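This is a predicted model, so every value here is computed, not measured. Indexing begins at 1, ligand by ligand and atom by atom, following the structure's order.
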Amino acid sequence: MQFFLPDATATHQFGVLLGQRLLASSTLLLEGDLGSGKTTLTQGIAQGLGIPDVVASPTFTLVCEYSEGRLPLYHFDLYRLEAPDVARLLPELYWEGVEFEPGLVVIEWPERLPYRPAAYWSLVLTPSLELEGRQLVLTPVNQDPTTVANLEVQLAAQFRARPATAES
Ligand SMILES: Nc1ncnc2c1ncn2[C@@H]1O[C@H](COP(=O)(O)OP(=O)(O)OP(=O)(O)O)[C@@H](O)[C@H]1O
Ligand SMILES: [Mg+2]
(Lines give C-alpha, C1' and ligand atoms only; values in the text may rest on other atoms or scores of the structure.)
(Ligands and ions follow the chains in the order given, each with its own letter.)
Protein backbone atom coordinates (compact mmCIF):
# COMPACT_ATOMS: atom_id res chain seq x y z
CA MET A 1 0.00 0.00 0.00
CA GLN A 2 1.36 3.39 -0.97
CA PHE A 3 0.34 6.79 0.38
CA PHE A 4 1.35 10.42 -0.08
CA LEU A 5 1.57 12.50 3.11
CA PRO A 6 1.65 16.19 2.08
CA ASP A 7 2.74 17.59 5.45
CA ALA A 8 3.65 16.69 9.03
CA THR A 9 -0.01 16.81 10.09
CA ALA A 10 -0.78 14.06 7.56
CA THR A 11 2.07 11.93 8.94
CA HIS A 12 0.69 12.45 12.45
CA GLN A 13 -2.87 11.61 11.33
CA PHE A 14 -1.66 8.45 9.59
CA GLY A 15 -0.21 7.39 12.94
CA VAL A 16 -3.45 8.24 14.76
CA LEU A 17 -5.39 5.87 12.50
CA LEU A 18 -2.86 3.07 13.11
CA GLY A 19 -2.98 3.69 16.87
CA GLN A 20 -6.76 3.47 16.84
CA ARG A 21 -7.00 0.35 14.66
CA LEU A 22 -4.06 -1.97 15.15
CA LEU A 23 -4.46 -5.01 17.37
CA ALA A 24 -2.37 -5.92 20.41
CA SER A 25 0.95 -7.62 19.59
CA SER A 26 1.45 -5.62 16.38
CA THR A 27 5.00 -4.62 15.53
CA LEU A 28 5.71 -1.66 13.25
CA LEU A 29 9.16 -1.28 11.71
CA LEU A 30 9.67 2.36 10.66
CA GLU A 31 12.34 2.87 8.02
CA GLY A 32 13.42 6.20 6.58
CA ASP A 33 16.40 8.56 6.64
CA LEU A 34 17.07 11.15 9.32
CA GLY A 35 14.19 13.59 9.43
CA SER A 36 11.82 11.51 7.30
CA GLY A 37 8.99 11.58 9.87
CA LYS A 38 9.35 8.40 11.95
CA THR A 39 8.95 10.13 15.31
CA THR A 40 6.05 12.26 14.00
CA LEU A 41 4.31 9.04 12.96
CA THR A 42 4.99 7.49 16.38
CA GLN A 43 3.53 10.54 18.14
CA GLY A 44 0.36 10.04 16.08
CA ILE A 45 0.25 6.36 17.03
CA ALA A 46 0.50 7.35 20.70
CA GLN A 47 -2.35 9.80 20.30
CA GLY A 48 -4.46 7.18 18.51
CA LEU A 49 -3.89 4.84 21.45
CA GLY A 50 -5.06 7.59 23.81
CA ILE A 51 -1.68 8.15 25.45
CA PRO A 52 -1.63 11.66 26.95
CA ASP A 53 2.17 12.19 27.31
CA VAL A 54 4.27 13.72 24.62
CA VAL A 55 6.32 10.98 22.95
CA ALA A 56 9.91 12.09 22.40
CA SER A 57 12.63 9.95 20.89
CA PRO A 58 14.01 7.45 23.41
CA THR A 59 17.51 8.93 23.24
CA PHE A 60 19.05 7.56 26.42
CA THR A 61 16.58 4.86 27.41
CA LEU A 62 16.48 3.13 23.96
CA VAL A 63 12.99 1.85 24.66
CA CYS A 64 10.18 3.95 26.12
CA GLU A 65 7.06 2.32 27.51
CA TYR A 66 3.70 4.09 27.74
CA SER A 67 0.91 2.28 29.53
CA GLU A 68 -1.85 4.90 29.75
CA GLY A 69 -3.57 4.10 26.43
CA ARG A 70 -5.89 1.49 24.92
CA LEU A 71 -2.81 -0.74 24.60
CA PRO A 72 0.74 -0.28 25.86
CA LEU A 73 3.15 1.36 23.42
CA TYR A 74 6.79 0.25 23.31
CA HIS A 75 8.86 2.74 21.31
CA PHE A 76 12.42 1.83 20.26
CA ASP A 77 14.92 4.12 18.52
CA LEU A 78 17.89 1.99 17.49
CA TYR A 79 19.80 4.70 15.59
CA ARG A 80 22.85 4.72 17.83
CA LEU A 81 23.07 0.94 18.22
CA GLU A 82 24.59 -1.97 16.37
CA ALA A 83 23.06 -5.41 16.01
CA PRO A 84 24.83 -7.02 19.05
CA ASP A 85 23.68 -4.15 21.34
CA VAL A 86 20.16 -4.51 20.00
CA ALA A 87 20.17 -8.25 20.69
CA ARG A 88 21.04 -7.44 24.31
CA LEU A 89 17.87 -5.33 24.57
CA LEU A 90 15.88 -8.54 23.89
CA PRO A 91 13.32 -6.85 21.61
CA GLU A 92 11.47 -10.17 21.23
CA LEU A 93 10.29 -9.89 24.84
CA TYR A 94 8.21 -6.91 23.70
CA TRP A 95 6.80 -8.31 20.46
CA GLU A 96 6.15 -11.82 21.80
CA GLY A 97 3.90 -10.31 24.46
CA VAL A 98 4.73 -12.85 27.19
CA GLU A 99 7.11 -10.96 29.47
CA PHE A 100 5.42 -7.63 28.71
CA GLU A 101 1.71 -6.98 28.25
CA PRO A 102 0.87 -7.27 24.52
CA GLY A 103 0.75 -3.86 22.87
CA LEU A 104 2.11 -1.97 19.87
CA VAL A 105 5.86 -2.20 19.34
CA VAL A 106 7.18 0.67 17.22
CA ILE A 107 10.82 0.47 16.11
CA GLU A 108 12.73 3.33 14.44
CA TRP A 109 15.85 2.19 12.53
CA PRO A 110 14.85 -1.52 12.29
CA GLU A 111 17.87 -1.96 9.98
CA ARG A 112 19.78 -2.40 13.26
CA LEU A 113 17.73 -5.43 14.37
CA PRO A 114 19.70 -8.69 14.25
CA TYR A 115 16.38 -10.52 13.68
CA ARG A 116 12.78 -9.56 13.00
CA PRO A 117 9.45 -10.80 14.41
CA ALA A 118 7.58 -13.50 12.47
CA ALA A 119 4.84 -10.98 11.65
CA TYR A 120 5.13 -7.20 11.36
CA TRP A 121 4.12 -4.09 9.41
CA SER A 122 6.89 -2.48 7.39
CA LEU A 123 6.58 1.30 6.94
CA VAL A 124 9.06 3.10 4.72
CA LEU A 125 9.05 6.92 4.58
CA THR A 126 10.82 8.71 1.74
CA PRO A 127 10.91 12.39 0.79
CA SER A 128 8.81 13.30 -2.19
CA LEU A 129 11.08 14.28 -5.07
CA GLU A 130 9.52 17.40 -6.54
CA LEU A 131 7.14 18.34 -3.70
CA GLU A 132 7.11 18.88 0.03
CA GLY A 133 5.80 15.85 1.83
CA ARG A 134 6.61 12.19 2.15
CA GLN A 135 5.80 8.98 0.36
CA LEU A 136 4.87 6.14 2.70
CA VAL A 137 4.89 2.48 1.71
CA LEU A 138 3.11 0.14 4.12
CA THR A 139 3.72 -3.58 3.67
CA PRO A 140 2.04 -6.22 5.82
CA VAL A 141 4.31 -9.18 6.55
CA ASN A 142 2.51 -12.36 7.66
CA GLN A 143 -0.60 -10.44 8.74
CA ASP A 144 -4.14 -11.79 8.74
CA PRO A 145 -5.72 -10.96 5.30
CA THR A 146 -8.98 -9.67 6.84
CA THR A 147 -7.07 -7.30 9.13
CA VAL A 148 -5.07 -6.06 6.14
CA ALA A 149 -8.18 -5.55 3.98
CA ASN A 150 -10.00 -3.60 6.73
CA LEU A 151 -7.02 -1.38 7.41
CA GLU A 152 -6.55 -0.71 3.69
CA VAL A 153 -10.16 0.47 3.36
CA GLN A 154 -9.79 2.83 6.32
CA LEU A 155 -6.48 4.25 5.14
CA ALA A 156 -7.68 4.69 1.55
CA ALA A 157 -10.69 6.69 2.79
CA GLN A 158 -8.38 9.22 4.47
CA PHE A 159 -5.13 9.25 2.47
CA ARG A 160 -4.39 9.36 -1.24
CA ALA A 161 -1.77 7.26 -2.94
CA ARG A 162 -0.22 10.18 -4.86
CA PRO A 163 0.00 13.96 -4.70
CA ALA A 164 -3.14 15.58 -6.14
CA THR A 165 -1.08 17.59 -8.65
CA ALA A 166 0.39 14.46 -10.22
CA GLU A 167 -3.08 13.26 -11.19
CA SER A 168 -4.53 16.44 -12.69
N1 LIG B 1 4.73 14.36 5.46
C2 LIG B 1 5.59 15.33 5.83
N3 LIG B 1 5.85 16.36 5.01
C4 LIG B 1 6.73 17.33 5.37
N5 LIG B 1 7.39 17.35 6.56
C6 LIG B 1 7.16 16.34 7.41
C7 LIG B 1 6.26 15.28 7.09
N8 LIG B 1 6.24 14.42 8.14
C9 LIG B 1 7.09 14.90 9.06
N10 LIG B 1 7.66 16.05 8.64
C11 LIG B 1 8.66 16.89 9.35
O12 LIG B 1 9.93 16.31 9.22
C13 LIG B 1 10.75 16.65 10.34
C14 LIG B 1 11.42 15.41 10.92
O15 LIG B 1 10.43 14.56 11.48
P16 LIG B 1 10.76 13.44 12.56
O17 LIG B 1 11.52 14.00 13.69
O18 LIG B 1 9.46 12.76 12.83
O19 LIG B 1 11.72 12.50 11.71
P20 LIG B 1 12.51 11.18 12.15
O21 LIG B 1 12.40 10.26 10.99
O22 LIG B 1 12.03 10.71 13.47
O23 LIG B 1 13.98 11.73 12.26
P24 LIG B 1 15.24 11.07 13.03
O25 LIG B 1 15.72 9.94 12.17
O26 LIG B 1 16.23 12.19 13.06
O27 LIG B 1 14.76 10.63 14.39
C28 LIG B 1 9.83 17.36 11.33
O29 LIG B 1 10.05 18.74 11.21
C30 LIG B 1 8.45 16.97 10.85
O31 LIG B 1 7.50 17.97 11.18
MG1 LIG C 1 13.08 10.14 15.27
Side-chain angles (χ1 to χ4, degrees), residues 1-22 26-69 71-86 88-89 91 94-95 103-114 116-117 120-141 151-152 154-168:
M1 301 178 220
Q2 181 170 316
F3 302 95
F4 178 70
L5 306 172
D7 52 31
T9 306
T11 305
H12 186 90
Q13 275 307 118
F14 196 95
V16 169
L17 197 152
L18 295 177
Q20 288 170 338
R21 302 290 172 174
L22 288 178
S26 298
T27 302
L28 292 90
L29 304 186
L30 307 189
E31 291 181 49
D33 283 342
L34 286 170
S36 60
K38 302 180 294 299
T39 299
T40 307
L41 190 69
T42 307
Q43 287 162 344
I45 292 170
Q47 188 184 316
L49 286 168
I51 293 165
D53 318 6
V54 177
V55 174
S57 256
T59 306
F60 299 109
T61 40
L62 307 173
V63 53
C64 285
E65 305 184 23
Y66 302 89
S67 54
E68 309 89 336
L71 299 169
L73 170 66
Y74 305 107
H75 179 205
F76 289 75
D77 187 331
L78 306 179
Y79 181 59
R80 285 158 303 276
L81 301 183
E82 297 189 26
D85 309 315
V86 177
R88 252 175 265 128
L89 280 178
Y94 296 86
W95 66 58
L104 299 192
V105 180
V106 175
I107 304 182
E108 296 187 47
W109 297 99
E111 298 90 332
R112 314 286 199 256
L113 286 170
R116 291 185 167 200
Y120 60 90
W121 301 88
S122 159
L123 292 96
V124 181
L125 283 157
T126 44
S128 168
L129 287 181
E130 68 275 36
L131 298 158
E132 286 287 294
R134 307 285 189 267
Q135 206 70 54
L136 187 153
V137 177
L138 171 64
T139 310
V141 177
L151 187 68
E152 189 161 18
Q154 285 149 3
L155 288 169
Q158 235 181 290
F159 301 94
R160 15 185 353 134
R162 266 164 224 94
T165 48
E167 285 169 11
S168 53

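Within the model, atoms OH of Tyr79 and CZ of Arg112 stand 6.5 Å from one another, a figure rounded to the nearest 0.5 Å.
For atom 1 (N) of ligand 1, the nearest non-hydrogen atom from the set Leu41, Thr11, Leu125 comes from Thr11.
The atom name of the N/O/S atom in Glu108 closest to the Mg ion (ligand 2) is OE1.
At least one heavy atom of Ser36 sits closer than 4.0 Å to an atom of ligand 1. For the pair Gly32 and ligand 1, no heavy-atom separation below 4.0 Å is found.
If you look at Pro6 next to ligand 1, the close heavy atoms, those under 4.0 Å, all belong to the backbone. At a heavy-atom cutoff of 4.0 Å, ligand 1 is contacted by both the backbone and the side chain of Thr40. The part of Trp109 lying near ligand 1 is the side chain, judged by heavy-atom distances below 4.0 Å.
When only interatomic distances are considered, the shortest N/O to N/O separation between Glu132 and ligand 1 does not fall below 3.5 Å.
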Please walk me through it: do His12 and Gln47 pass side chain to side chain donor-acceptor pair (under 3.5 Å)?
-> CA-CA 9 Å; His12 186 90; Gln47 188 184 316; 2.7 Å; yes
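Taking every heavy atom of Glu108 and a limit of under 4.0 angstrom, the matching atoms of ligand 1 come to 22 (O), 27 (O). Of all atoms in ligand 1, numbered sequentially from 1 with element shown, those under 4.0 Å from a heavy atom of Gly37 are 9 (C), 15 (O), 16 (P), 18 (O), 19 (O), 20 (P), 21 (O).
The pair Arg116-Glu31 meets the salt-bridge criterion, since a charged nitrogen lies less than 4.0 angstrom from a carboxylate oxygen.
Among the backbone and side-chain atoms of Tyr79, no N/O/S atom is found under 2.8 Å from the Mg ion (ligand 2).
Between the side chain of Arg134 and the backbone N or O of Gly37, no donor-acceptor pair lies under 3.5 Å. Between the side chain of Ser26 and the backbone N or O of Leu22, no donor-acceptor pair lies under 3.5 Å.
Between Glu108 and His75, the side chains place a donor N or O and an acceptor N or O closer than 3.5 Å (distance only, hydrogens not considered).
Taking the ring centroids of Phe159 and Phe14, they lie under the 6.0 Å cut-off. With ring centers used as reference points, Phe76 lies under 6.0 Å from Tyr94.
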